[in-house]
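Just follow the structure's listing: the first ligand is 1, and inside any ligand the first atom is 1.
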Amino acid sequence: MASQAPASTAAVLLGARNIGNPRDQGAGHIHWNAHLRMMLKEEKLLANMLVTGGVGFIGGNFVRYCSKQNPDDTIIVLDCLTYARNRSTIADVEQTDLVVGDIGDTALVEKLLREQGVATLVHFVAESHIDRSITGPDAFIETNVIGTSSLLKAARMFRPWDAHARPTLATRRAAQVVWRAQCLFTVEMQAPCRTRHNAGDHAPKTSHSGV
Ligand SMILES: Cc1cn([C@H]2C[C@H](O)[C@@H](COP(=O)(O)OP(=O)(O)O[C@H]3O[C@H](CO)[C@@H](O)[C@H](O)[C@H]3O)O2)c(=O)[nH]c1=O
């Protein structure tokens, strides 16, 4: 299990669903944003990382990518294993520690943050199959809005020294929340990621705040 991270490396990154811009070209062809690559490397954010939704499409590929960058660290994955799960994506990633649970379970999230000394929290959980919202919108509100908010609150309670950090909420077609802690950067959507629901090949713009 990952060891306690020093506060100096603490960074909480939420709502990463669009920062990496995995252009959906099929398994093995995920191109993470160059800035994200640099940030993960230089800021040592790979250590003690908790990835929500790490059994889904984007989260799973992110976990695979990170595990290759830093094979010595355990990546904790929090995932409910809903219909959208795809266990095979991370099945052979040995340094993954899967916790089956809900992002809305504040006690569980706080326990993980505290006991695992989580330095970076990357949030990919979502109701992502938009067509399902036509017949069942409640699940989308519960997970994407209330669940994300609950995660933010847990992160804030766990990292009181980040109280001055400004959470940035930017929405276009895909909502994203970036909790700006020690590693400051902003994420802006130029256009939605390419999905099977939206076949446009657009890239989100990620820029460093320079702080
Ligand atoms: C609703 C809910 C989901 N989850 C988990 C289940 C999944 O493992 C994960 C979400 O994964 P996915 O549904 O694949 O979402 P995501 O990685 O964004 O990928 C979707 O969106 C991509 C881009 O928009 C598409 O290219 C993919 O085909 C599509 O599956 O979150 C939870 O842990 N808790 C939840 O409440």
Practice item. Check whether any heavy atom of Glu142 sits under 4.0 Å from an atom of ligand 1. Key: no
Exercise for review: On the 0 to 90° scale, with breaks at 30° and 60°, tag the Phe62-Phe124 ring pair as parallel, tilted or perpendicular.
Suggested key: tilted
Review point. Under the side chain to side chain contact (heavy atoms under 4.5 Å, CB included) criterion, do Ile75 and Cys66 qualify, and how do the steps go?
Key: CA-CA 8 Å; Ile75 300 170; Cys66 290; 3.9 Å; yes
Review point. If we only count N/O pairs under 3.5 Å, is Leu78 in contact with ligand 1?
Key: no
**Study point:** Heavy-atom closest pair, residues Ala154 and Thr106
**Key:** CB-CG2, 4.3 Å
Review point. Looking at Phe57, does the NZ or CZ of Arg85 lie under 6.0 angstrom from its six-membered ring centre and within 45 degrees of the ring axis?
Key: no
Exercise for review: Evaluate side chain to side chain contact (heavy atoms under 4.5 Å, CB included) for Leu81 paired with Val55, printing each intermediate quantity in order.
Suggested key: CA-CA 7 Å; Leu81 303 181; Val55 192; 3.8 Å; yes
Review point. Does an N or O from Asp79, backbone or side chain, lie closer than 3.5 Å to an N or O of ligand 1?
Key: yes
Practice item. Please say whether Val125 places an N or O atom under 3.5 Å from an N or O atom belonging to ligand 1. Key: no
Point to revise | Polar atom proximity, Gly101 to ligand 1 (N or O, under 3.5 Å) | key: no
Review point. Just distances here: any N/O of Glu127 and N/O of ligand 1 closer than 3.5 Å?
Key: no
Exercise for review: Pick one of side chain, backbone, both or neither for how Ala139 approaches ligand 1, counting any non-hydrogen atom pair under 4.0 Å.
Suggested key: neither
Check your understanding: Quick check: does Gly56 get an N/O under 3.5 Å from an N/O on ligand 1?
Key -> yes
